[in-house]
Asker: 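Here it is: the structure, laid out below.
First the proteins, then the strands, lettered A, B, ... as listed; each starts at 1.
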Number of protein chains: 2
Amino acid sequence: MKTDTQTYRSQCPLSIALEYIGDKWSLIIIRDMCLGKSRYCDFQNSPEGIPTNILASRLRELEENGLLLKRPYQGKPVRYEYFLTPKGADLLPVLQHLVRWTQKHVDGAGEPPAGFFEAKPEDLLTMWAQAQKTER
Amino acid sequence: MKTDTQTYRSQCPLSIALEYIGDKWSLIIIRDMCLGKSRYCDFQNSPEGIPTNILASRLRELEENGLLLKRPYQGKPVRYEYFLTPKGADLLPVLQHLVRWTQKHVDGAGEPPAGFFEAKPEDLLTMWAQAQKTER
DNA sequence: TCCTTTCACTTGCAATAAGCAAGTGACAAT
DNA sequence: ATTGTCACTTGCTTATTGCAAGTGAAAGGA
């Protein structure tokens with residue numbers, strides 16, 4: 001979770017992954033970003049209804065952990081937009097399998113948007129690529 | 001989660017999946033079962049050190065939700081062993097992608113056992129197949 | 001017989017996290 | 001001057017975690 005001398009509960013790569021995204025909300029935010037959402041209020045308006053204080057703390061954690069970046073899209077009042085890093089975007093295959101799993105095993109689940117299963121992590125990095133450019 | 005008139009926080013298949021396994025421990029137990037563990041004390045002895053009360057409640061939930069079954073392997077004192085149903089075993093691809101993700105993005109993560117990435121959900125159903133047979 | 005162990009849990013309790021409602025500060029629009 | 005929006009923060013209540021200890025049934029040994 002932290003950057004150095006991190007103390008994971010075990011070295012198991014699965015367990016480590018769960019320390020990053022093993023909760024009820026982190027992957028919901030990642031999903032929203034995969035679907036093109038990028039602002040605080042976009043995340044708030046998702047049907048699951050994430051509490052606003054939890055949203056703020058999750059965005060902070062995900063950023064600290066390198067899964068997403070935020071940058072201001074306007075000054076005065078500063079407003080941020082969030083976008084996925086490669087580390088965050090690489091969770092897309094996990095989301096895709098979870099969606100498949102639900103569709104196979106749970107009745108009454110909804111459909112993902114068209115093209116969801118065909119998407120690749122690289123497709124999600126437009127914003128990240130821009131940020132890399134402007135950084136030089 | 002429940003069997004009828006279930007009330008998920010949304011119809012999104014990802015969100016529903018997280019209501020089944022979106023916490024820090026459920027997938028750890030599923031992982032252990034994928035690795036051939038089947039008894040309470042096996043799960044307890046895993047390096048992550050799951051608290052025993054949480055283990056008991058997770059096993060109960062996972063069984064209620066149809067991801068695993070338990071059956072006595074001895075009477076007097078009754079002792080149970082747990083094994084995956086197809087619904088539980090089908091989470092293996094999710095575990096595999098999470099492991100890959102950690103290996104790619106997190107330094108110092110351990111290696112999964114040999115053959116882990118080649119395994120398929122069907123390979124995990126020996127016990128389940130037996131249970132189906134003895135049921136008739 | 002009595003004592004010690006093991007297994008699979010349960011119980012009690014303190015600490016942490018989640019969830020709800022309301023508030024805040026910067027600005028824009030009316 | 002008032003209202004509204006956005007991106008949060010604060011306060012508080014409830015729920016979940018995590019730790020330690022306890023329980024009951026039986027097996028094994030002295």
Asker: Only pairs at least two apart or in different chains count here, so list each salt bridge (Lys or Arg N to Asp or Glu O under 4.0 Å) that has a residue in residues 79-99 of chain B.
Answerer: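 Listed once each, the pairs are Lys104(A)-Asp90(B), Arg71(B)-Glu81(B).
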Asker: Could I get the full list of side-chain contact (heavy atoms from CB on, under 4.5 Å) partners for Glu63(A), not counting sequence neighbours?
Answerer: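 Here the qualifying residues are Leu68(A), Lys70(A).
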Asker: For Leu125(B), which residues count as a side-chain contact (heavy atoms from CB on, under 4.5 Å) partner, sequence neighbours excluded?
Answerer: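 By the side-chain contact (heavy atoms from CB on, under 4.5 Å) rule, Leu125(B) matches Pro86(B), Ala89(B), Trp128(B).
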Asker: Between atom CG in Leu55(A) and atom P in dC8(D), what is the gap in whole Å?
Answerer: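 Computing the Leu55(A):CG to dC8(D):P distance gives 8 Å.
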Asker: Roughly, in whole Å, what's the span from CG in Leu59(B) to C1' in dC9(C)?
Answerer: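 Value for this atom pair: 10 Å.
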Asker: Let me know the distance between CZ of Arg9(A) and P of dT16(C), rounded to the nearest Å.
Answerer: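 That distance rounds to 17 Å.
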Asker: Could you work out, with side-chain contact (heavy atoms from CB on, under 4.5 Å) as the rule, every residue matching Gln11(B), not counting sequence neighbours?
Answerer: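 Expected list: none.
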Asker: Check the distance between dC6(D)'s P and Lys70(A)'s NZ and give it to me in whole angstrom.
Answerer: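 For the pair Lys70(A) NZ and dC6(D) P, the rounded distance is 17 Å.
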Asker: For Glu63(A) and dC8(D), what is the distance between atoms CD and C1' respectively, to the nearest whole Å?
Answerer: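 Going from CD in Glu63(A) over to C1' in dC8(D) covers 14 Å.
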Asker: Write down the distance between CD (Glu48(B)) and P (dG18(D)), rounded to a whole number of angstrom.
Answerer: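 Glu48(B) atom CD is separated from dG18(D) atom P by 12 Å.
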Asker: How would you list, by chain and number, every residue that makes a salt bridge (charged side-chain N to carboxylate O under 4.0 Å, His left out) with Arg100(A), sequence neighbours excluded?
Answerer: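 Salt bridge (charged side-chain N to carboxylate O under 4.0 Å, His left out) list for Arg100(A), sorted by chain: empty.
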Asker: Could you list the residues that satisfy side-chain hydrogen bond (donor to acceptor under 3.5 Å, both in side chains) with Gln96(A), not counting sequence neighbours?
Answerer: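 By the side-chain hydrogen bond (donor to acceptor under 3.5 Å, both in side chains) rule, Gln96(A) matches no residue at all.
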Asker: Strictly below 4.0 Å, heavy-atom distances to any atom of DNA chain C: list the hits from residues 28-43 of chain B, or just say none.
Answerer: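 Output list: Tyr40(B), Cys41(B).
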Asker: List the protein contact pattern of nucleotides 18-28 of chain C with one symbol per nucleotide (5' to 3'): B for base contact, S for sugar-phosphate-only contact, - for none; contact means a heavy-atom distance under 4.0 Å.
Answerer: SBB-B--B-S-
Asker: May I ask you to test the Gln103(B)-Ile16(A) pair for a side-chain heavy-atom distance under 4.5 Å?
Answerer: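 Sidechains of Ile16(A) and Gln103(B): no contact.
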Asker: Would you tabulate the side-chain donor-acceptor contacts of residues 49-59 of chain A under 3.5 Å, counting partners in other chains and residues two or more places apart, or write 'none'?
Answerer:
from: Thr52(A); atom 1: OG1; to: Tyr40(A); atom 2: OH; distance (Å): 2.9
from: Ser57(A); atom 1: OG; to: Ile54(A); atom 2: O; distance (Å): 3.3
from: Arg58(A); atom 1: NE; to: Asp23(A); atom 2: OD2; distance (Å): 3.1

